[in-house]
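Order of the sequence lines sets the chain letters (A, B, ...), proteins ahead of strands, with each chain counted from 1. Keep in mind it's a predicted model, so treat the numbers as computed, not measured.
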There are 2 protein chains.
Amino acid sequence: MILDSETKAVELPNEHGDELRLWLRLLTCTTLIEGEVRGRLRERFDVTLPRFDLMAQLDKAPEGMTLSDVSKRMMVSNGNVTGLVERLVESGHLDRRTSESDRRVQVIRLTKAGRAEFRRMAAEHETWIADIFAELTPRDVRELMRLLAKTKGSAQKSASRREA
Amino acid sequence: MILDSETKAVELPNEHGDELRLWLRLLTCTTLIEGEVRGRLRERFDVTLPRFDLMAQLDKAPEGMTLSDVSKRMMVSNGNVTGLVERLVESGHLDRRTSESDRRVQVIRLTKAGRAEFRRMAAEHETWIADIFAELTPRDVRELMRLLAKTKGSAQKSASRREA
DNA sequence: CCGTATTTCTTTAAGCTTCAAATAATTGGC
DNA sequence: GCCAATTATTTGAAGCTTAAAGAAATACGG
């Protein structure tokens with residue numbers, strides 16, 4: 001505690017400085033890795049990161065997903081998904097059809113060509129990620145996973161407090 | 001180790017699965033927090049996150065920064081900065097002048113109004129961040145800082161290997 | 001000096017992204 | 001069955017972002 005010339009308690013600008021620094025470091029790490037992955041995807045496959053991410057979601061869902069599902073999973077807006085899907089259908093990577101049970105719903109899935117293309121990219125992508133995290137020990141990885149899970153939980157609670 | 005029907009070693013699709021999962025979790029955390037901060041900045045101050053980030057850089061540099069400096073610090077492209085600065089000069093938050101010693105260089109700094117506005121936003125922003133990370137203990141924070149520093153180093157080395 | 005390379009910034013085209021409003025289809029209460 | 005509320009998606013406007021190419025100024029080697 002520091003007292004100023006009038007002997008009143010003064011708050012240093014450091015009250016939550018650690019959390020702020022942590023957030024900036026988290027953001028830096030993500031931006032760095034994201035940029036690296038984006039660059040490699042472009043160089044090697046001439047594909048954008050959002051397209052790759054969308055295809056990754058669909059690869060895990062052979063029966064297809066609705067646009068809302070994709071939107072939630074990717075944590076992006078609905079309108080964003082609409083545009084992404086449009087371009088990927090156009091390029092032949094995705095198949096899109098209206099649900100028969102609910103005509104509001106669009107179900108999308110990878111085409112055969114889209115899946116093959118994605119698998120090719122994903123195999124290399126995995127080696128890039130391994131290289132990027134190469135200096136972390138298995139123990140570091142586990143510990144980071146744990147702390148990030150805790151962070152995610154904390155952030156979600158904070159978010160739900162706000163929307164309430 | 002798993003052996004297939006021909007008694008040959010088979011690589012499960014899990015060779016680097018841990019790193020991949022770590023990357024996805026890192027990305028999820030960042031996206032979550034970023035969305036939360038963006039939403040609050042919009043609600044409370046009707047400002048975008050990139051503008052806030054740019055002003056934050058300038059607040060730390062009272063003598064001003066060149067556009068290249070900003071570009072490196074924010075890890076975004078030059079063209080991106082040009083546009084951001086344009087809009088912030090337009091709105092009266094930034095002052096921009098050509099360097100006298102090198103006429104290629106543009107030096108930008110916060111105007112008086114811009115600095116006041118930023119300080120107001122930053123004070124609240126800090127409490128949001130504290131709330132978002134509220135469930136982490138001081139020890140968690142320290143440990144995350146350490147592991148993310150290690151991650152950043154690892155990623156930077158990987159990036160420099162590629163560009164070489 | 002001169003010319004070439006480098007640095008700094010802007011421009012352009014394409015795509016990504018959000019938010020908010022609009023449209024369309026379904027659900028649920030009465 | 002009908003109407004209001006809800007849900008799924010699209011649209012439109014604004015802004016963000018990148019990569020690549022170009023313009024202007026400086027640096028530097030010969």
Side-chain angles (χ1 to χ4, degrees), chain A residues 27 30-32 34-55 64-91 93-94 96-108 163, chain B residues 27 30-32 34-55 64-91 93-94 96-108 163:
Chain A
L27 188 54
T30 301
T31 304
L32 191 60
E34 215 173 44
E36 189 61 19
V37 171
R38 177 176 35 245
R40 298 203 198 202
L41 281 174
R42 169 178 294 269
E43 271 178 16
R44 287 281 297 133
F45 301 110
D46 193 33
V47 74
T48 67
L49 187 50
R51 284 178 209 209
F52 178 81
D53 287 344
L54 174 45
M55 291 172 82
M65 296 175 81
T66 70
L67 296 202
S68 293
D69 287 344
V70 172
S71 172
K72 278 170 207 135
R73 288 287 191 87
M74 292 182 73
M75 298 194 279
V76 299
S77 66
N78 284 344
N80 192 347
V81 174
T82 296
L84 266 175
V85 166
E86 218 160 60
R87 288 182 287 270
L88 279 167
V89 167
E90 170 67 25
S91 64
H93 293 88
L94 262 54
R96 163 199 211 128
R97 64 184 61 173
T98 302
S99 162
E100 287 175 16
S101 57
D102 184 340
R103 271 172 303 175
R104 288 170 304 184
V105 174
Q106 302 287 312
V107 178
I108 55 174
E163 73 182 331
Chain B
L27 189 54
T30 301
T31 305
L32 191 59
E34 215 172 45
E36 189 61 17
V37 171
R38 177 176 34 245
R40 298 204 199 200
L41 281 174
R42 169 179 294 271
E43 270 177 17
R44 288 281 296 132
F45 301 110
D46 193 33
V47 73
T48 66
L49 187 49
R51 285 178 208 209
F52 178 80
D53 287 344
L54 174 45
M55 292 172 81
M65 295 175 80
T66 70
L67 296 203
S68 292
D69 287 345
V70 172
S71 171
K72 278 170 206 137
R73 287 286 190 87
M74 292 181 73
M75 297 195 280
V76 300
S77 67
N78 284 346
N80 193 347
V81 174
T82 295
L84 266 176
V85 167
E86 219 159 60
R87 288 182 287 270
L88 280 168
V89 168
E90 169 67 25
S91 64
H93 293 88
L94 260 55
R96 163 199 210 127
R97 64 184 61 175
T98 302
S99 162
E100 289 176 14
S101 57
D102 184 339
R103 271 171 303 175
R104 288 170 303 183
V105 174
Q106 302 286 313
V107 177
I108 55 175
E163 72 181 333

Open item on the list: Taking any heavy-atom pair under 4.0 Å as a contact, classify A/N80: base, sugar-phosphate, or nothing.
Closed with: base
Task: Closest-nucleotide ordering on DNA chain C, the 5'-leading residue of A/G83 and B/K72 - done: B/K72
Task: Interatomic distance, B/E86 CD vs D/dT17 P [rounded to whole Å] - done: 15 Å
Task: Interatomic distance where CZ belongs to A/R103 and C1' belongs to D/dT9 [whole Å] - done: 15 Å
- [ ] Can you tell me the distance, in whole Å, between the CD1 atom of A/I108 and the C1' atom of D/dT9?
- [x] 12 Å
- [ ] Mind calculating the distance between NE2 (B/H93) and C1' (D/dG15) to the nearest angstrom?
- [x] 16 Å
Task: N/O (side chain, A/S68) to phosphate O (OP1/OP2, D/dT9) under 4.0 Å - done: yes
Task: Residue A/V76, side-chain heavy atoms: nucleotide from C/dT18, D/dT10, C/dT10 that is nearest - done: C/dT18
Open item on the list: Closest approach to the side chain of B/P50, judged atom by atom: which nucleotide of C/dT17, D/dC16, C/dC9 is it?
Closed with: D/dC16
Open item on the list: Nearest whole Å is fine: how far is C/dT26 P from A/D102 CG?
Closed with: 5 Å
Open item on the list: By nearest heavy atom, map B/N78 and B/R38 onto DNA chain C; which one lands nearer the 5' end?
Closed with: B/N78
Open item on the list: Could you tell me how far apart B/R51 (CZ) and D/dT17 (C1') are, to the nearest whole angstrom?
Closed with: 14 Å
TODO: Calculate, to the nearest 0.5 Å, the distance between atoms CE and CG belonging to A/M65 and A/L94 respectively.
DONE: 11.0 Å
Open item on the list: Quick check: closest heavy atoms across B/R51 and B/R87, and the distance to 0.1 Å?
Closed with: NH2-CD, 3.4 Å
Task: Exercise: identify the closest heavy-atom pair between B/R103 and B/T98 - done: O-CG2, 3.6 Å
Task: Under 3.5 Å donor-acceptor pair, A/R104 side-chain atoms to D/dT7 base atoms - done: yes
TODO: Give B/T48 one of three labels, base, sugar-phosphate or nothing, depending on what nucleic acid heavy atoms sit under 4.0 Å from its own.
DONE: sugar-phosphate
TODO: Just call it for A/M74: base, sugar-phosphate, or nothing, with non-hydrogen atoms closer than 4.0 Å on any strand.
DONE: nothing
Task: Atom pair CG/OG1 of B/D102 and B/T66 - distance to nearest 0.5 Å - done: 9.5 Å
TODO: Would you mind reporting whether B/L27 and A/T30 have side-chain heavy atoms less than 4.5 Å apart?
DONE: yes
Open item on the list: If the cut-off is 4.0 Å, is A/R87 near the phosphate of C/dC16, judged by side-chain N/O to OP1 or OP2?
Closed with: yes
- [ ] Say whether, by atom type as modelled, one donor and one acceptor occur between the side chain of B/S91 and the main chain of B/L88 under 3.5 angstrom.
- [x] yes
TODO: Tell me what A/T66 touches on the nucleic acid: a base, only sugar-phosphate, or nothing, going by heavy atoms under 4.0 Å.
DONE: sugar-phosphate
Open item on the list: Side chain of A/L84, heavy atoms from C-beta onward: which of C/dT11, D/dT9, C/dC16 has the nearest atom to it?
Closed with: C/dC16
Open item on the list: Rounding to an integer number of Å, can you tell me how far B/D46 CG sits from D/dG15 P?
Closed with: 11 Å
- [ ] Would you kindly compare B/S101 and A/V107 by the position of their nearest DNA chain D nucleotide and give the one closer to the 5′ end?
- [x] A/V107
Task: Distance in angstrom units between B/R42 CZ and C/dT17 C1', rounded - done: 11 Å
